[in-house]
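In this text the structure is predicted, and so the values were computed from the model without any measurement. Naming: A, B, ... by sequence-line order, numbering from 1 per chain.
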Protein chains: 2
Amino acid sequence: MSGTVNGSRRVRLVDVARHAGVSTKTVSNVVHNYEHVTPDMRSKVQKSIRELGYKPNLTARRLVTGKTSMIALAIPETNHPYFSSLADAIVKAAVDRDYRVLIEQTDGDSEKELDVLRDREAGLVDGVIFQPAKVTSLDLAEIQEDTPVVMLGEAASPIAFDHIMIDNSAAAEVAVKHLIGLGRKRIAFLGDVRGDNAGATKKRLAGYQKGLEDAGLSVDTSLVLQVESFSPESAKVAVQEAIRSGIEFEGLLCRDDRFAVAALQLLRDEGISTPEQIAVIGWDDTVLARYSYPTLTSVSPNIQAIATEAVQMLIERIEGLTGSGRHVLAPYNLHIRESAPAVKAASAPKN
Amino acid sequence: MSGTVNGSRRVRLVDVARHAGVSTKTVSNVVHNYEHVTPDMRSKVQKSIRELGYKPNLTARRLVTGKTSMIALAIPETNHPYFSSLADAIVKAAVDRDYRVLIEQTDGDSEKELDVLRDREAGLVDGVIFQPAKVTSLDLAEIQEDTPVVMLGEAASPIAFDHIMIDNSAAAEVAVKHLIGLGRKRIAFLGDVRGDNAGATKKRLAGYQKGLEDAGLSVDTSLVLQVESFSPESAKVAVQEAIRSGIEFEGLLCRDDRFAVAALQLLRDEGISTPEQIAVIGWDDTVLARYSYPTLTSVSPNIQAIATEAVQMLIERIEGLTGSGRHVLAPYNLHIRESAPAVKAASAPKN
DNA sequence: AAACAAATTTACATCGTTGTAAATTACACT
DNA sequence: AGTGTAATTTACAACGATGTAAATTTGTTT
């Protein structure tokens with residue numbers, strides 16, 4: 001009773017129609033639960049469908065409807081704690097809306113990122129949710145495609161595109177103020193990555209600075225730690241150099257959890273206690289934050305909200321909404337854990 | 001110079017043909033780099049393609065060729081360190097072979113898992129790589145579909161399917177022997193999860209047992225810690241209860257990294273040192289192992305090899321290979337880190 | 001220059017479904 | 001019973017590409 005009888009071709013709509021003695025359109029109507037079908041017809045057709053093991057061919061359906069019911073999610077890497085939870089949430093949100101998700105890995109490569117939007121082939125997906133790592137607003141502005149796109153993340157994007165992000169500057173400010181609330185005065189930022197032109201770090205730095213200034217603290221540029229690359233190793237090197245060169249700080253705000261956890265490991269190796277001597281805050285609230293030692297306080301974007309909103313906005317575009325790009329700020333909060341505990345329980349720095 | 005001129009429909013093959021004054025088939029030939037096309041023709045057509053901004057419609061192509069060049073990857077959750085690296089590797093391997101990957105999350109739900117194979121719609125993908133969490137060999141045997149499938153992971157699968165896994169029993173044995181090499185005699189296993197009928201744990205337990213027996217150690221069933229669910233919390237509860245009830249052990253082999261890292265946290269909270277008092281080994285060698293404290297020794301399946309092989313086997317099936325299921329053992333090794341260090345550097349248990 | 005073979009190009013049917021609009025049937029009301 | 005209207009069902013032409021096989025052009029050989 002399988003889809004094909006030995007060696008014969010797949011069962012088509014027309015085969016069901018013949019078997020049931022009706023037109024193909026009626027079978028189609030039954031398949032789609034069209035309401036104006038008499039119960040007799042319906043059950044007769046359903047019986048044939050069952051007996052023949054008919055399954056609709058999605059490709060043919062797509063060709064005539066022009067809809068794929070698929071969206072692409074373009075992210076730098078799947079194997080990254082933040083992006084994998086983002087992917088998870090977006091897949092769930094899409095499935096709720098009867099869409100499927102195609103993952104496109106751009107590997108943080110600007111050519112691959114542009115390819116995603118250049119859209120060399122048509123009819124693959126109905127729309128794209130795109131979190132760029134390298135590509136700049138200028139690159140994007142040149143590309144004017146007709147596939148709907150929703151941008152995620154902190155990169156500046158052309159106003160033409162819908163865009164969802166958290167208020168990076170405000171979030172950094174909240175994080176800095178939390179550290180200040182713990183009595184920390186000299187607060188470092190890890191890290192300013194060489195060649196990172198995506199703009200995320202700049203915004204976080206701006207918030208970091210504003211947080212300090214609002215509290216009447218001076219901004220010391222030697223506390224903005226420069227990092228060679230996005231690898232945890234180079235983050236460790238940066239922190240280590242700072243310590244070796246005698247730069248003192250009691251708080252550390254990191255641009256992401258990977259850097260933060262690397263910093264935790266380094267501080268431990270150097271015999272510096274967290275949070276007693278240096279309180280640390282990460283960014284993204286990934287799985288790493290839950291399992292590190294000490295557990296990591298982290299800026300926590302509401303991924304659920306981002307995913308739901310992104311899918312919603314994209315579907316609106318797919319369904320024909322026009323007009324210039326919408327710009328949405330997603331909610332976030334600071335997830336407090338041991339590395340920068342709640343203010344009440346805070347002990348003053350010991351050094 | 002974009003794909004569509006204001007408001008007009010998409011450019012089709014036939015539009016290019018008319019513009020260039022040739023037949024549609026010639027345009028198609030140029031698009032596909034068919035060799036028997038004169039240079040004149042080719043450049044004339046390419047010019048038209050460029051000027052009109054033509055992009056081939058994948059759906060139409062698929063309908064006539066019957067190929068989607070997409071494969072599905074069905075996994076319990078994207079947001080899991082092991083599965084996200086698996087997804088990453090499979091996407092890369094597939095892209096290398098000119099396939100795209102559709103991620104299907106089964107949420108460890110047996111209905112959803114069956115749905116993946118029941119294949120309610122045809123022509124979505126050319127084949128499926130499927131790592132089940134719940135579904136048993138029996139459930140699967142009933143389903144006889146024509147979409148090629150490659151199974152991953154430790155669940156028993158019907159002989160009809162191709163299947164790739166690491167030798168769980170042997171790997172567990174290696175891990176246990178490593179602990180024994182560190183001088184540990186009482187070695188516990190975390191954990192036997194209630195309701196886990198996927199068979200993975202059973203095989204690991206078998207290897208655990210064999211490793212002990214080979215070393216002439218007795219197998220104490222109270223050292224096989226029962227866990228209520230797959231959550232880290234329940235793993236912690238299980239370890240805690242064992243300690244509270246006076247069960248003593250110097251080595252701990254865990255069924256996955258999440259459990260292992262949860263155990264590390266609990267041991268720390270209990271004031272038990274790792275690896276001095278209890279050496280711990282995880283499984284899957286996920287990102288957690290790199291960032292935990294202490295860093296985690298873990299059984300490390302060669303994900304790269306698994307992904308490449310899975311894609312290779314699936315494509316062979318897609319291209320028509322018939323015959324009964326092939327069963328492949330993938331390579332693995334024990335990634336040594338601090339929680340169960342290399343034998344040389346090992347210190348004897350202190351308690 | 002004719003004849004044949006090989007290399008290009010073309011015409012046309014086809015993939016399997018759904019949209020449109022026309023044809024039919026069923027139903028209600030004089 | 002006859003007519004008008006609404007509810008079903010159907011016929012047929014798309015959707016946009018590629019495969020097949022035939023038609024044409026080009027090139028070679030005698």
Can you list everything that forms a salt bridge (Lys or Arg N to Asp or Glu O under 4.0 Å) with B:K25? Sequence neighbours excluded, please. none

Ignoring backbone atoms, establish whether A:H36 has a side-chain N or O less than 4.0 Å from OP1 or OP2 of D:dT8. yes

Starting at atom OH of B:Y34, determine the distance to atom P of D:dT20, rounded to an integer number of angstrom. 11 Å

Atom-to-atom span, CG of A:L63 to P of C:dT14 - whole angstrom: 17 Å

Between D:dA17 (C1') and A:L124 (CG): distance, integer Å: 16 Å

Could you state the CD1-P distance from A:I49 to C:dG16, rounded to the nearest angstrom? 16 Å

Is it the case that the side chain of B:T106 and the backbone of B:I75 share a donor-acceptor pair, with hydrogens and angles ignored and the cut-off at 3.5 Å? yes

Residues at least two apart in sequence or cross-chain that pass ring-ring contact (aromatic ring centres under 6.0 Å, His included) with B:H327, listed by chain then number, are B:H163

ring-ring contact (aromatic ring centres under 6.0 Å, His included): pairs with one or both residues in residues 82-106 of chain A, sequence neighbours excluded: A:H80-A:F83

Which atoms form the tightest heavy-atom contact between A:E104 and A:A72, and what is the distance? CG-CB, 4.3 Å

At under 4.0 Å, does any side-chain N or O of A:T26 touch on OP1 or OP2 of D:dT9? no

Has A:D126 got a side-chain atom pairing as donor or acceptor with A:T68's backbone, closer than 3.5 angstrom? yes

With B:D107 via side chain to side chain donor-acceptor pair (under 3.5 Å) - residues at least two apart: B:K112

Check: A:G123 main-chain N/O paired with B:T59 side-chain donor or acceptor under 3.5 Å: yes

Nearest-Å distance, CZ (A:R18) to P (D:dT10)? 14 Å

Bending between helix ends of the helix from C:dA1-D:dT30 to C:dT30-D:dA1 [5 pairs per end, 10° resolution]: 40°

Close N/O contacts between protein and nucleotides 17-24 of chain C (under 3.5 Å):
residue : atom : partner : partner atom : Å
C:dT17  : OP1  : A:Y54   : OH           : 2.7
C:dT17  : OP1  : A:N57   : N            : 3.1
C:dT17  : OP2  : A:L13   : N            : 2.4
C:dT18  : OP1  : A:H32   : NE2          : 2.2
C:dT18  : OP1  : A:R61   : NE           : 3.0
C:dT18  : OP2  : A:S28   : OG           : 2.6
C:dG19  : N7   : A:K25   : NZ           : 3.2

How many whole angstroms separate atom CZ of A:R10 from atom C1' of C:dT14? 18 Å

CG of B:D40 versus P of D:dT25: gap in Å, rounded? 15 Å

Quick one: does B:Q105's side chain have a donor or acceptor within less than 3.5 Å of a partner on A:K92's backbone? no

How close or far is atom P of D:dG19 from atom CZ of B:R62, stated in whole angstroms? 15 Å

